[in-house]
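For ligands, and for the atoms within them, numbers begin at 1 and follow the listed sequence. Computed from a predicted model, the values in this text were never measured in an experiment.
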Amino acid sequence: MQKPEKYSWLKSIVAEALGLSQDRAQRLLESRSTRILKYRGITYMTIRRDIGDHYEGTVILYSNKTGEYRVVEGYPHIPRVLLLSRAVPRHFIDNVIVEEKMDGHNVRVVRFDGEIYAITRGGYICPYTTARMRRKYGRNLEKIFDNLGDDAVVAGEVVGMENPYTRYYYPEAPEWDYFVFDIFEGPLEFLSVENRRSIVEEAGMRNVRLLGIVPKESWEEIASIVRGLETLGREGIVMKDPHYRVDPLKYTTSYINARDIMEGMKYPFDEGHTFIFSRVLRQMFKAVEEGWDESRLRMEAHRIGEAILIPAVESLKAHIRGEPVAEQFTLTFYNKEELDEYIVYMYSLGVLITLVSLEELSDGRIRATFVKHKKTEDQFKRIMRTGLSPLD
Ligand code: ATP
Ligand code: MG
């Protein structure tokens, strides 16, 4: 590995930025817990696990132009509720703000060195997301950073069908959009929900939906909000203290618990198998809290069973027919350079993608379709050849 010698100049920066000794910073730099990448005029180091007070996904950005650096804290994990009736009254202080949980991918936006950057949950500057963010919300974000200063971090969910990470159709955002759910400053000081919502609105950007403000004893009211989302096939909620005096909590619908399994089990040897137990657990506690009767229990059991087996068998049959077992997605680029930048980025992350088609739109934009290789395909191949189980 060439990392240590090549980037030893980063050692003092890392030590200062994270409050570590020089030795510890050096070891960190040499370890697999960090990664160093470049994006245009920025060199950045991503932290791939929690280190001290810094969460996974924390990034140190360094300007090659000015020599300045800054830390962008990782977005904290949100604990999950299994029983609203237990968790909500115990956890919160007085009122609970209920916001919609949207199913896309987490993006932190910062302004550094005069430019807007979009950072993924894992702590990578995604060139594609950055390009779309700058074009759609560049001016609005400038307004927010002018107002709050460059120390601020805007956090939100990118949803829609045109992103490389998580694609679900949202009628309010069919292609690509960004819904803000937090703004924090420095070492994770969150703006109050009310303040954040009004700043986002005034800047002409979108907030995630506010679904209610409920006293903590009224967990049944929250359950009824979730029932409403259930019938619409939406993901769930994030419950927040108005002033972040305690951590937010998340809770999801039965619909999404089953759909996650169904999506995952298209690729059982990739994410699929790890999804199953966690979703079964969520459903177990819903069954008792919501007092499912025999017929509801059977219906849900049936739904989970189908979600496990049907997509897996369909993928296997497709493989036998000679079709690829791979994820396909289409992205829109504004020009050829942005397309190249994205391909180089994926390559530098070691993610195997193949460009399968290109289409130039009448406005000059480029629609590119990619497939992403899945481990499941290799496993299917091996099993079809040997007839043996890779598990036992
Ligand atoms: P973790 O368990 O570490 O939080 P995860 O990837 O398993 O991460 P999810 O189950 O999707 O996460 O739940 C947390 C994520 O939900 C957040 O990181 C954020 O991207 C997303 N999210 C969507 N809507 C909201 C919202 N209104 N408030 C906060 N987060 C939201
Ligand atoms: Mg999510």
Shortest protein contact, [atom] (heavy atom only):
| atom | result |
| --- | --- |
| atom 18 (O) of ligand 1 | Asn106 ND2, 3.0 Å |
| atom 25 (C) of ligand 1 | Phe181 CD2, 3.4 Å |
| atom 12 (O) of ligand 1 | Lys250 NZ, 3.6 Å |
| atom 21 (C) of ligand 1 | Glu157 OE1, 3.2 Å |
| atom 15 (C) of ligand 1 | Lys101 NZ, 4.2 Å |
| atom 24 (N) of ligand 1 | Met102 N, 3.1 Å |
| atom 8 (O) of ligand 1 | Arg121 NH1, 2.9 Å |
| atom 1 (P) of ligand 1 | His77 ND1, 3.1 Å |

Would you kindly specify which portion of Val238 sits under 4.0 Å from ligand 1, judged on non-hydrogen atoms: side chain, backbone, both or neither?
-> side chain
What are the atoms of ligand 1, with element, lying closer than 4.0 Å to any heavy atom of [X]?
| X | answer |
| --- | --- |
| Lys240 | 26 (C), 27 (N), 28 (N), 29 (C) |
| Arg80 | 10 (O) |
| Tyr75 | 17 (C), 18 (O), 29 (C), 30 (N) |

Are Arg135 and Tyr334 in a cation-pi setup, meaning NZ or CZ lies under 6.0 angstrom from the ring centre and within 45 degrees of the ring axis?
-> yes
Output all residues satisfying salt bridge (Lys or Arg N to Asp or Glu O under 4.0 Å) with Arg86, sequence neighbours left out; order by chain, then residue number.
-> none
With Arg196, the salt bridge (Lys or Arg N to Asp or Glu O under 4.0 Å) member among Glu201, Glu99, Glu185 =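 When Glu201, Glu99, Glu185 are each tested with Arg196, the salt bridge (Lys or Arg N to Asp or Glu O under 4.0 Å) holds only for Glu99.
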Ring centres under 6.0 Å, that's the criterion: do [X] and [Y] meet it?
| X | Y | result |
| --- | --- | --- |
| Tyr62 | Tyr69 | no |
| Tyr55 | Tyr75 | no |
| Phe112 | Phe145 | no |

Can you tell whether the side chains of [X] and [Y] come within less than 4.0 Å, N to carboxylate O?
| X | Y | answer |
| --- | --- | --- |
| Lys336 | Asp340 | yes |
| Asp146 | Arg111 | yes |
| Lys374 | Glu327 | yes |

His105: heavy atom below 4.0 Å from ligand 1, yes or no?
->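 Not so, His105 does not reach ligand 1.
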Among Glu235, Glu100, Met239, closest by any non-hydrogen atom to atom 27 (N) of ligand 1 = Glu100
